[in-house]
Amino acid sequence: MTMQRSLGVCYYPEHWDEAIWMKDAADMAALGLTWVRIGEFAWGRMEDAAGNLDFDWLDRSIKILGNAGLKVVLGTPTATPPRWMLDRHPDMLAVDEQGRERKFGSRRHYCFSHEGYAQECDRIVEEMARRYGNNPHVAAWQTDNEYSCHDTTLSYSSAAQSAFRNWLRASFTPKGANDGDISALNAAWGNVFWSMDYADFDEIDLPNLTVTEANPAHLLAFRRFSSDQVVRFNKRQCDIIRAHSVAPITHNFMGQITDFDHYEVGDDLDFASWDSYPLGFLEDRVNAPEEHKRAFARQGDPDFQAFHHDLYRTVGKGRWWVMEQQPGPVNWAPYNPAPLDGMIRLWSWEAFAHGAEAVCYFRWRQAPFAQEQMHAGLQKPDATPAPAMAEAAQVAHELSDAPSVTPAKAKVALIFDYAADYMWSIQPHGRGLCYFDLVFQTYRALRRLGQSVDILPPTTRNFEGYQLVMAPGLMHMTEELKTALTQAKTNVIFGPRSGARDVHMATPVPLPPAISKLDVTVEYTESFRSDSPIELTQGGAFQGFREEISGAADVIETTQNASPAMMRSGNMSYLAGWPDTAAFQRILKRELQEVGLKTLDLPMGLRVRETGAERFWFNTTQETISLEGRDFAPISVTRDAL
Ligand code: GAL
């Protein structure tokens, strides 16, 4: 399968005088853009009062863009319900953990569980799908905008409460029965513990504002329920659009948002997309030492974007875009520097190297009003070019040399599970122990060793073609996943915390990890101060967390106190702690070499990625880097044919 590469931009016709639309469209086309995404916040212009629909302006805008040769991605506007919506549905707002309503005046002000609001969304999406479903210029759809951004998945509203009770009742209704079995819930949750038994599903509250911690089973159920609400909300829109349009549907996901199962939302989409803000993410999200943040302040983390590119390639089942690409300083991180010259181009090519079909810059023109005045675009507010414009033009020009991509399967896979993230956050066992970080550090270590990596969901059953599969931190593993991994003809590294809990957050007996053919048992787990690592005999250390393990498997790593740190049976290993950078590099290098993969020792700012026909090198440092007799210029993209 070969896919075309293209560029696009996010545009808000409703922000500008109509007199400028024609020139904007002509300039976008002249720049070499293919796509323009519009509409996703424009509900207030489509319907300024309940039932008072006006799509004429949108018709004209789509026509102008289409006539200029651009393809439109039309966004549904459901992330920004207009003010009048609250008069119709006063209880539609989400409620935070402290029980406070999250008010009107910005965006994403709705609760996923509010059925009245969901019906309003059905209505506006239906209007749009009917009107534009066969429009020749509408070539793709985007549902809503960045589910969960601004912490909007979890809501403690009364709508969420009754939906949660129904969800629990349904989950505890045995096959063939017509009502839920509350005693089964009490048993599964261990409610005997503090006399927490319920007599009826309607007695169960949301797990906020409890005196001390809520039952982890209760918390996990709420997290799974909340994820399902997002999936359901998105699917409603997809179903409506598909009834009227054959254009593909996407959603623009975000970076390091783990509050809902993105794979499940992805199942209802035709392709995935995400919004990549490397400098904002580095300051705002990446967990790394200050000196790392200083060194990459104007380039972004060398692995963070790549991780999400690889993740969303899987969420989109091979098809994905960057829907919003940072074009200059943003407005929302603790510091908002300008990228170094060449970074907009580098980020664009990095996405293409990971298989993106399109990269769209956010946004065409910087807004002179409201919340994002301090956020760059390709143009300044006066419609003159901003620094990113020239780099976008360069990428557009360069695409003629490499117009398509043939994706390739990687040799190394890394399993990433949203539910594992819920479970670690409910029961971290120690300060700073975060599943996303564990997975990301594993990914970084593999990339420093020169690997291209595929990220896989926990529902994967076929691991054919992979030489090494990493399965860190999967706190709950289904029997199907365990079986698929034990039968895979590949090396697998489990741990820490593999299979540590059952599906309801209880400790299974026999004790974890209970993986057949891997004779390892976790005797106990401990967390410890991050400034007191436990050294490993062969180098490096465990930081923050380790497990005491025993069993008949071979001991291949030990701590300095002679406890087993890694054990192996055949092609399966168990890593009993959280390795620091040195331990990760050393252990993974050995494992990769053992399965016959060539490793590199890349410095932090140099990365490599292969597609089916190309090998890309990215140097995000300001120095020339020499590797194996080759020089990579500062801030550069090097593309070799394979
Ligand atoms: C994204 C969002 C855009 C815009 C942008 C600013 O998260 O989807 O609408 O707000 O951030 O960086």
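Ligands are counted one by one from 1 in listed order, and the atoms in each one are counted from 1 as well.
- When the salt bridge (charged side-chain N to carboxylate O under 4.0 Å, His left out) test is applied to Arg223, the partners found at least two apart in sequence or on another chain are Asp259.
- The protein residues lying under 4.0 angstrom from ligand 1, judged by non-hydrogen atoms, are Phe41, Arg107, Asn145, Glu146, Met254, Asp275, Tyr277, Glu324, Trp332, Phe362, Glu372, His375.
- The closest side-chain donor-acceptor pair between Gln325 and Ser348, if any, does not fall under 3.5 angstrom.
- With salt bridges taken as basic N to acidic carboxylate O contacts below 4.0 Å, none links Arg294 and Glu290.
- Ion pairing between Glu324 and Arg363 fails under the 4.0 Å rule for side-chain N and carboxylate O.
- A salt bridge does not link Arg609 with Glu350: none of the charged nitrogens is closer than 4.0 Å to a carboxylate oxygen.
- A distance-only check finds no donor-acceptor pair linking the side chain of Asp437 to the backbone of Cys434 [under 3.5 Å].
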